[in-house]
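One structure is given here, and the rest of the page talks about it.
Each chain gets a letter, A, B and so on, in the order its sequence line appears, and its residues count up from 1. Keep in mind it's a predicted model, so treat the numbers as computed, not measured.
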Amino acid sequence: MGGSTECVKHIELYVNSSATSLQQEASVNAIATLLKNDTLNIETLVREMEMYLTTTDHIIRSRGILLLAEVLAKLTSKPLTDTSIHSLIGFFSERLADWKASRGAIVGCLALLGRKKEVGMVTDSEAKAVALSYLQNLQVQALGQHDRKLSFRLMECILDHYACAIRDLGDVLLYGICEAIDEEKDPDCLVLVFHIIESLAKLYPDPSGPLSKFAQDLFEILGSYFPIHFTHRKGEDDDNKREELSRALLLAFASTPLFEPFSMPLLLEKLSSSLPSAKVESFRYISYCTTQYGSDRMVKYAQALWSSVKEATFISPQSTVSAESELTGGMGFLDNDMMTQAFVLLQEVMQQDIIFTNLVLSDKDINIFVNSLIESTDFGDISLLLRQKLHAAGHILSVCAKSSAASCNKVFESYFPLLMNALGISPAKPSQKSYLDDDCSVFKLNFGALYLCIDFLGACRCLTAFFDNFTLVSDFANQTWCAMLHRFSGPLMKGFISFLGSNIVDSGHNAFVYLCVKGLQTLSTFPESFVPVSKHLYDCSLLMLVSIVTSEINKTFSWTSALKALVEIGLFIDNCPDSGRASSYKSTVVEKIVFLISSGDITSSSSLKLQAAYDIGATRKEFMVRIVQGLDEAIAVHFSAAYELGNLESDKLATELLDTYSNKVLPWFLETGDSEEIPIKFALGIWANIENSRCINPRPPDNNLLGATMTAMKKAVGSCTVEGQEMIINKSYELLLESNCFESMGFQSDNCSSKLKGLQQNHNFGSSTYRYEWLISLFASVVIALRPQACIPNGKMMVQLFISAILNGHVSSAHALSALVNKLPSKITGINSFRSISLEEVLDMIFGSFFRTSSNGSMSGNDGHEIDLSGLKLDTLRIQSAKSNVVIGLAWIGKALLMRGHVKVKDITMTLLGLLMLDGNIGDSNQLQEWTEVCDEEYVPQLMKCAADSFHIIMSDSEECLNRRYHAVIRPLYKQRFFSSVIPILSSLVVKSESSSVRSMLYRAFAHVVSDAPLTAILSEAKKLIPILLDCLAILSMDVLDKDIIYNVLLVVSGLLTDRNGEEAVIGNAPRIINQLIDLTAYSQSMAIRETAIQCLVAMSELPHTRIYPLKTQVLQSISKALDDPKRIIRQEAVRCRSAWASV
Amino acid sequence: MTLGLINANPVVHAKKERHARTDDPHAVDPLDIYEHVRDIRDPEHPYSLEQLSVLSEDSVTVDEKLGRILITFTPTIQHCSMATVIGLCLREKLKDCFPPHFKVDIKVAPGSHADEESVNKQLNDKERVAAALENPNLRQLVEECLYSSEL
């Protein structure tokens, strides 16, 4: 009972004329919830509402009915009893007559008719009653737009769901619908109208049924909308809406063949319209209607259709020369919309009836054109129009040939002998086996004939590919075209090959080269069951193409087209696995290419050759594996030549090979999946190379090769599974052990050994030092890319090794160590513990040795090793740089910890901050004092700077390590977390610090943190940050070297200025911001900074007038200086800024 | 006091294509200046000066060393009383877009105007220009031409 009182309240609220639409919606929802919960049942509701449903006040009545209807619309999934449905639908269908309250009735009917069977639906007779009431009572065109839309939806719903129930209404229904839809103009309603007509056509498919009487009337209404064209454009959505309407109208047009007598004349008439869009639409409509109306109805329009297609494509072709035209020998054309649609139409009608083919073949214009073209032999004097026509004619004829075997016969009969004759090619005699004979002469250079011939071949290929699945070879053989093709394909192919092989090929013959290559490609890609060429010729053509690719690199045009053709042929083989061809492709093409790259002779234009190798390999996995084998061999050869002998050529080549490997081959295998073998083999191969070449050429390292090897190694290891990675790391670890790397790197010795020291600074380059550098760098690359699950051998030794390398300034070791710190498990479990090492242990080792070593290093600077370095500042320098190396190392470790969300990152941050403030007297921890003591006064600033820059390392993304590709552990929002924990500390330190140098370093660190932090985080703190940001800019702009940092900070500022949420904070600091920006508009070192500063000023001019008006003069004055800027872009920005501020 | 249009049926030409310039050097050149003035609206018609062929790329010369800019424009008809307004617009626009050390000379093309000499004199007389811009009606007209969004 509680339900009913509550519902009365909601009903009253809804019916009340002062209720807003939101309140009404709330009441409807509330009542619907009551009903769904069964707190209220529908009969009670109706009884409660009785007064509102029957009152004579039509406003209240209409609201009442609408409320009931809307509640019902919410209950589509709630089961209702048949009785309630029966009485409700009776009520609503009767109410359709009540024009003052019709909306409620329509919504109610719609809600009830849309119900599913499981929850109780309206019976057929009830639906029919609704339809009748609709037809008798509803004056659709007299209603408002929304009501019309609803009533069309109702009709659509009846037609879609209750078609059987209303079928016998016949004329009444059709008449009623005609009346309802006549003169509809609203686009939304029209979509429904078109759909209603489509459904009507489905309802009465019988050609002599009731629809036949009304077809003309209906089409008269429908036809007036064609073509859909908006005269008043309203917004961006127009295009979508137009598309939607046009599609709906198209479906309505084609819905029944009964429309054909009316629609075809209309469409044909529109084809001669001057409006291009109308023509395009007409072609589109006719193509679709053709498929629906059936060929017997269309035959009578054949002549008219052909002449309009001919007009659009051949007589006045509107194709434009495409951008790739150069690549296709000047015959690349882009058809405009009209031509495309015309060709689609042609294709449709061709497939309907052969009469169209006859029309095309008997067409005089085309005949004369082709004949005259064949007679003229020189391609040079063919005008653009002629080429466009040739393109169109070729397309038309190949559409004919493609449409069916019968029309293909006809096309071949009428044209093919002519073309062959023009080319001077005679059919192969049965006695003469199709071998490439020496006396085979080059065919006559006849461009038109050759072009058409290639088009025909393409068409045949399509036809065979289409029939290949369900036709026997014998069926083909009986066809005329097939027989002709068999007779001529051999000589044709020979002609192509000997043309390409002849030395007359020069740049003037690009078009012929293109066509010949394309011809070879087409003839080589016929399906296996239908082979027009012998295996021998197939091999010959592959040989020809591959010889172009291998030997004619300087002829760019032939080279690219031949490579493209080879790739296409390769792809085709891959699509239809047929062993014979695959093996000959492999033995001719792939082997040649492999030979090309593995032979020593790839020095010239190696990048093109590698490109060719990759492209051909990418066609099929089997080929790629073979190519990779070749690559591996080539890498091995050149790598050792470069590594051992210091051969500069080989060095360059090896770098290039490695780049190909890491940029193309490895990603390809990753994409195709499963092949883990390849990267493992590659990585092990590199290690084997290093192992085999015991000595390294003592030459200042050209780090290109090392860098390329490292990248390739990282990518290779990164794409392996855990097992593969373990294999690689074990192998490399063994090698490291063998080479005594650990001892020489000072492992387990308290002092740095002399070798360790020498790694970077020693000027007496010893070959072993390089070898160690190589070994450690590659080992670091392996470690960087390891997955977190991978086990590592002897972690302790490894960490120790990396630590000592870091102290010597080896950055990759810092990357590797940080990768370890990022991925190691924090606790050791299980039996693997004897091999692994836990995070805590590593951290202890790191912290211990970093601080100890640096103090020890200082000791060694005071005693001992003066023998090597006496009298030089070098030793102190080295120690100092060891300190900055430690700082860099710490930064990487900090980043690794931060990314995995470890608490220790805080310690590292504090240490870095402490170092950063060495100059001030805040550093009170013992450790730090130790550091300061041993530092030269002059060196302190450098160390501070290094500490400040380490914040950049922590915050920025790195390509080298600690990213997703190398399986880093990345907690979400880590940057944000670091930002919000460090910024308060930094800002309080800034306030406290007295020394200006410390402050400037704090600002520097601050700038790094802010510029890499996400903007949303900054926005939330904008108010506090803006003053610091401005100080930051002021201080940084004193040093020219800091321009990149300034630029990054400026970008942050501009982000704040352009975001809505930052506005309040910006308004508060407007004068200061503007002053700072004005200073930066005169920053002479960087144009980007000046430009951004001016853009920021433009953004500032949008702020509230009262805040910025006082600054107007100042800005205008300073901007007038920017008008005189040496750079044009700045001047233009300044003009924009000036006009923005002048109007303030 | 509507007197009807002075040139009721001007010949309208197509706008020239414009492209962002990336080439060095960055010295101020005629094209630079032309970019700024081509879109000034004609005082009479909703077309730009470029469309009406009042200005073309050749009508601007510049000497950066001496800091001089010379613009020679061609009124659409011989006795166009709008010539002075167009001149004023050009002067205002250049004042906004170029630093003050440039001396701007604005002239009508020789033989293109019935009263060539006096128009030239009027346009290059500082005081008369200043006085003209103090006239609220003229000022409004000039601003409409410069900041019009009708184009």
**Study point:** Atom group of Lys95(B) that falls short of 4.5 Å from chain A, counting heavy atoms
**Key:** backbone

Exercise for review: With Arg1128(A) as reference, evaluate Val28(B), Asp29(B), Leu31(B) under the side chain to side chain contact (heavy atoms under 4.5 Å, CB included) test and give the passing residue.
Suggested key: Asp29(B)

**Study point:** Minimum heavy-atom distance Ser1120(A)-Pro99(B), with the two atoms named
**Key:** O-CB, 4.1 Å

Check your understanding: Got a second to check how far Asp96(B)'s CG is from Leu1116(A)'s CG, nearest 0.5 Å?
Key -> 9.0 Å

Exercise for review: Quick one: closest heavy-atom pair of Cys97(B) and Leu1123(A), and the distance?
Suggested key: O-CD2, 3.4 Å

Exercise for review: Under 4.5 Å heavy-atom distance to chain B, tell me which part of Arg1131(A) shows up: side chain, backbone, both or neither.
Suggested key: side chain

